[in-house]
Amino acid sequence: MKTTHSNDEMPAEIDFSAGQRGRFYRPQAQWHVPVYLNPEVQQYFLRRAEESGLDFDQLINTLLQKDMELLETFAQGSSS
């Protein structure tokens, strides 16, 4: 049996009457933001990580931390 409905209505066969609000909420949970790299950028850094013996995410995080330091140094220098 096929139920027709508009895009803004829940289908009749979906029943949330036994649902529990907040059941899966975890206030201390951390969100990991996915980052999508251009294929050539990803391949470059995958090779560099392999050559240096680092995990890919470790290499990317190290580079981003250094960029953060540079940006902070620049921001402090331009505000003086």
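All figures in this text were calculated on a predicted structure; none of them were measured in a lab. Nothing fancy with the numbering, it's 1 onward along the sequence.
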I60 CD1 to L37 CG distance, which is reported to the nearest 0.5 Å: 6.0 Å
L63 reachable from L70 in the ILVMFWY side-chain graph, under 4.5 Å edges: no
Nonpolar side-chain network containing F24, other nodes, edges under 4.5 Å: none
All pairs passing side chain to side chain donor-acceptor pair (under 3.5 Å) where residues 46-71 contributes a residue, at least two apart: Y44-R48
By side chain to side chain contact (heavy atoms under 4.5 Å, CB included) - contacts of F74 (at least two apart): none
Other cluster members, L71 - Ile/Leu/Val/Met/Phe/Trp/Tyr, side-chain contacts below 4.5 Å: none
Residue pairs, two or more places apart or on separate chains, that pass side chain to side chain donor-acceptor pair (under 3.5 Å) and touch residues 21-40: none
